Trainee: 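Structure in structure tokens, see below.
For clarity, every value in this text was computed on a predicted model and none was experimentally measured. Just so it is clear, the values below take in all heavy atoms, side chains as well, and ignore hydrogens, waters and symmetry mates. Below, chains carry the letters A, B, ... as their sequence lines are ordered, and counting in each starts from 1.
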Amino acid sequence: MSGGMIVVGMADLNVTRAPGVLTTLGLGSCVGIALYDSVTKIAGLAHIMLPDSKQIQNNTNVAKFADTAMVKMIQDMIKLGAGKDRLKAKIAGGAQMFAYNSTNENMRIGDRNVEATKKLLSLLHIPLLASETGENFGRTVELYADDGRFYIKTIGHGNKVL
Amino acid sequence: MKDINNLGDTHFDILKEIGSIGSGNAVTSLGKMLEKKVEMPVPSVKLLEFKDIAGFIGGPSNIIVGVLVSLTGDINGIMMFILDMKSANAMVDVVMGGMVPKNDTFGELEMSAVNEIGNILISAYVGSLSGLTKLRITPSIPYMSIDMANAILSVPAIEFGKVADRVLFIESGFKVDKIEMSGYFILVPDMPSLSRILSALGVG
């Protein structure tokens, strides 16, 4: 717990209802996916590390990948009473923390995480309301289940509310 | 070896020894550079859960400095040198001989000093790893970032995330003179390279 907030770790996800707050600390190349149903005030937050579970053999932790994390999070939110058709998304993260050789596939992992997340949202017909991605700095995010606001905090690059 | 979960005690001992020799070499060069006595406790080899990776350096939100070098050749992967801000400031102070005005800002000059120290340390570490294993390793130029620990450590974590649900850290801290200063080396070989290192040292 961090100030009464539910902390979502790296390669982890969680869901809550109002007045709960979900947070994940220091997103680097990872992506924080926030889903929200404004009618039931149910929120979900995932901290994914990799774009695609199907390209990886060791994929037992569903929260590690954009595709499997999204499915699990939606299921968990529906269990709490959220409506799939009402879900809206906000995303943050996908930075390239070190400026090295951006043509190297491995080092573009942040971009690939963001691309995969956006593609999945569109496949699942979940509107992406706002995103704060890329660049070369880390982000801490907080998702408030009472109204779906999504705080983004950085070190030296300002704070924002999406 | 396909999975780091299969690592046994012998592997851990070997990796600890690599960490010991590598960082020993690096820290000796640091001592020479600073003209100070450096101390180095026995390194530790850890398999950490993703959620716990920043525990050794003050937690996920703590601001740290990371210098990263990518390794290619017979060993592919990344090598990182990590410091908390307090240590980075202390180190700059010692290197610059107090020429830098004391304030809280960490500017261009400080950054390039730490980047270069990191580079020298990593080169010394990698050099001894190469000598020990007779494997060819080519380090890249150094890249640096100052940010939240989790954000910086997500880079090695993601590399390991491709093959495992835990991260292998060969972690070596050190102290300089009476000045409290701790830094960590993190060697992150990819799985085939880890196997090559272990077989080069006689454990398959």
Trainee: Please name the pair of heavy atoms, one in B:Phe50 and one in A:Ala11, separated by the smallest distance, quoted to 0.1 Å.
Mentor: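 Closest pair (atom of B:Phe50, atom of A:Ala11, distance): CD1-CB, 3.7 Å.
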
Trainee: Which region of B:Ile146, side chain (C-beta onward) or backbone (N, CA, C, O), has a non-hydrogen atom less than 4.5 Å from a non-hydrogen atom of chain A, or is it both or neither?
Mentor: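 Neither; nothing under 4.5 Å.
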
Trainee: Identify the two heavy atoms, one from A:Ile155 and one from B:Met148, that lie closest to each other, and give their separation to 0.1 Å.
Mentor: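 Shortest heavy-atom separation between A:Ile155 and B:Met148 comes out as CG1-CG, 3.7 Å.
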
Trainee: What residue among B:Leu153, B:Ile158, B:Ile152 forms side-chain contact (heavy atoms from CB on, under 4.5 Å) with A:Met97?
Mentor: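 Single pass found, and it is B:Ile152.
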
Trainee: For B:Gly161, is there any backbone N or O sitting under 3.5 Å from a side-chain donor or acceptor partner on A:Lys64?
Mentor: yes

Trainee: So, B:Asp147 side chain and A:Gly138 main chain: donor-acceptor pair closer than 3.5 Å or not?
Mentor: yes

Trainee: When only pairs under 4.5 Å are counted, which of A:Gly26, A:Gly28, A:Gly156 shares the most heavy-atom pairs with chain B?
Mentor: A:Gly26

Trainee: B:Gly66 and A:Phe98: which non-hydrogen atoms are nearest, and at how many Å?
Mentor: O-CE2, 3.4 Å

Trainee: Side chain of B:Ser154, backbone of A:Cys30: donor and acceptor closer than 3.5 Å?
Mentor: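 No; zero donor-acceptor contacts below 3.5 Å.
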
Trainee: At a heavy-atom separation under 4.5 Å, does B:Ala157 approach chain A through its side chain, its backbone, both, or neither?
Mentor: both

Trainee: Within a radius of less than 6.0 Å around NZ of A:Lys84, do more than 12 heavy atoms belonging to other residues, nucleotides or ligands occur?
Mentor: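 Above 12, so yes.
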
Trainee: In a check of side-chain contact (heavy atoms from CB on, under 4.5 Å) between B:Pro60 and each of A:Thr24, A:Leu27, A:Leu25, which one passes?
Mentor: A:Leu25

